[in-house]
Undergrad: 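Right, I'll just put the structure down here and ask away after.
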Amino acid sequence: MLCIAARLPYSTCMAPMSIIAAPSILAADFTAIGDAVRLAESCGGDWIHLDVMDGRFVPNLTFGQKMVHDIRQMTNLPLDTHLMIEEPERYVAEFADAGSDFITFHIEASVHADRTVALIEELGKKPGISLVPSTPVHAIGELLGKVFQVLVMTVNPGFGGQKLLPGCVEKVRVLDGLRRKLGLSFKIAVDGGINGETAHIVRDAGADVLITGSAFFQSPNPAHEIARLRGRHIA
Ligand code: DX5
Ligand code: ZN
């Protein structure tokens with residue numbers, strides 16, 4: 001479901017929307033990341049979601065460019081890099097070189113976010129902008145026509161395994177309304193507490209990309225979990 005008209009503004013990329021499932025390796029066993037990526041592939045994951053944390057923007061540390069590079073060598077799935085780091089503009093070139101397809105950063109972490117979006121575009125990658133739960137949608141209003149995706153955090157970022165904050169769902173609804181009203185086609189991603197029970201809430205609100213960490217990697221039947229994200233059932 002990637003927009004093949006890569007050089008056109010996102011407003012002209014009117015590909016039909018369907019649910020994209022993006023397993024986050026944050027919840028995987030870090031000593032067996034290769035297995036985790038293969039599991040995501042074999043269970044029908046569409047993208048691999050990579051959570052980069054710096055211990056400053058969020059109170060946790062994960063991994064850097066080398067992890068992205070190494071995963072790039074073993075999969076053709078799009079790599080969806082979620083930078084939870086201060087001053088992301090300092091690192092986007094390295095994550096682009098490492099093989100990220102989509103690079104999403106936080107509006108709260110980049111003062112000159114418009115410039116950061118342009119930089120990601122110049123590097124030939126698709127830019128995304130993310131909001132923590134306390135940031136309102138209007139904070140990114142100027143960027144909506146310039147990004148490939150808006151990532152709505154549905155938990156306070158930093159850790160997997162948290163419960164979805166219901167108040168964040170309204171932002172998905174607002175973004176979906178703006179997308180229609182303005183004739184834009186940015187994707188709306190949701191991240192945090194997404195599982196078979198909560199998926200319908202965010203889908204109904206207009207989300208197209210469902211990121212899932214613990215629900216997928218801790219499931220005894222991860223393929224079923226992906227199907228549930230899409231609103232399907234496996235007999
Ligand atoms: C949280 C990360 C998420 C995380 C989601 O800060 O951005 O991508 O992996 O994990 P779950 O699905 O367990 O909430
Ligand atoms: Zn994430």
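Residue indices begin at 1 and follow the sequence shown. What you see is a predicted model, and the numbers here were worked out from it, not measured in a lab. Ligands are counted one by one from 1 in listed order, and the atoms in each one are counted from 1 as well.
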Undergrad: Among T62, D51, T104, find the residue that satisfies the side chain to side chain donor-acceptor pair (under 3.5 Å) test when tested with H82.
TA: D51
Undergrad: With sequence neighbours left out, which residue pairs that include part of residues 152-171 fulfil the side-chain hydrogen bond (donor to acceptor under 3.5 Å, both in side chains) condition?
TA: E170-R173
Undergrad: May I have the N/O to N/O pairs between ligand 1 and the protein that fall below 3.5 Å, each with atom names and distance to one decimal?
TA:
{"residue": "ligand 1", "atom": "6 (O)", "partner": "G158", "partner atom": "N", "Å": "2.8"}
{"residue": "ligand 1", "atom": "7 (O)", "partner": "D51", "partner atom": "OD1", "Å": "3.0"}
{"residue": "ligand 1", "atom": "7 (O)", "partner": "H82", "partner atom": "ND1", "Å": "3.4"}
{"residue": "ligand 1", "atom": "7 (O)", "partner": "D191", "partner atom": "OD2", "Å": "2.9"}
{"residue": "ligand 1", "atom": "8 (O)", "partner": "H49", "partner atom": "NE2", "Å": "3.4"}
{"residue": "ligand 1", "atom": "8 (O)", "partner": "D51", "partner atom": "OD1", "Å": "3.1"}
{"residue": "ligand 1", "atom": "8 (O)", "partner": "D51", "partner atom": "OD2", "Å": "2.7"}
{"residue": "ligand 1", "atom": "8 (O)", "partner": "D191", "partner atom": "OD1", "Å": "2.6"}
{"residue": "ligand 1", "atom": "8 (O)", "partner": "D191", "partner atom": "OD2", "Å": "3.0"}
{"residue": "ligand 1", "atom": "9 (O)", "partner": "S24", "partner atom": "OG", "Å": "2.9"}
{"residue": "ligand 1", "atom": "9 (O)", "partner": "D51", "partner atom": "OD2", "Å": "3.0"}
{"residue": "ligand 1", "atom": "12 (O)", "partner": "G213", "partner atom": "N", "Å": "2.8"}
{"residue": "ligand 1", "atom": "13 (O)", "partner": "G161", "partner atom": "N", "Å": "2.8"}
{"residue": "ligand 1", "atom": "13 (O)", "partner": "S214", "partner atom": "N", "Å": "3.0"}
{"residue": "ligand 1", "atom": "13 (O)", "partner": "S214", "partner atom": "OG", "Å": "2.5"}
{"residue": "ligand 1", "atom": "14 (O)", "partner": "G193", "partner atom": "N", "Å": "2.8"}

Undergrad: Going by chain and residue number, what protein N/O/S atoms come nearer than 2.8 Å to the Zn ion (ligand 2)?
TA: H49 NE2, D51 OD1, H82 ND1, D191 OD2
Undergrad: Is there a donor-acceptor pair under 3.5 Å between the side chain of S100 and the backbone N or O of F102?
TA: no
Undergrad: Taking side-chain contact (heavy atoms from CB on, under 4.5 Å) as the test, write out the residues that go with E197, two or more places apart.
TA: N195, R228
Undergrad: Would you find more than 12 non-hydrogen atoms of other residues, nucleotides or ligands less than 6.0 Å from Y91 atom OH?
TA: no
Undergrad: Rounded to the nearest 0.5 Å, what's the gap from NZ on K126 to NZ on K187? Could you check?
TA: 8.0 Å
Undergrad: Does the R179 side chain pair with the main chain of G206, one donor and one acceptor, at a distance under 3.5 Å?
TA: yes
Undergrad: Side chains of I211 and V190: does their closest heavy-atom pair fall under 4.5 Å?
TA: no
Undergrad: Which value, rounded to the nearest 0.5 Å, describes the distance between L79 atom CG and H69 atom NE2?
TA: 11.5 Å
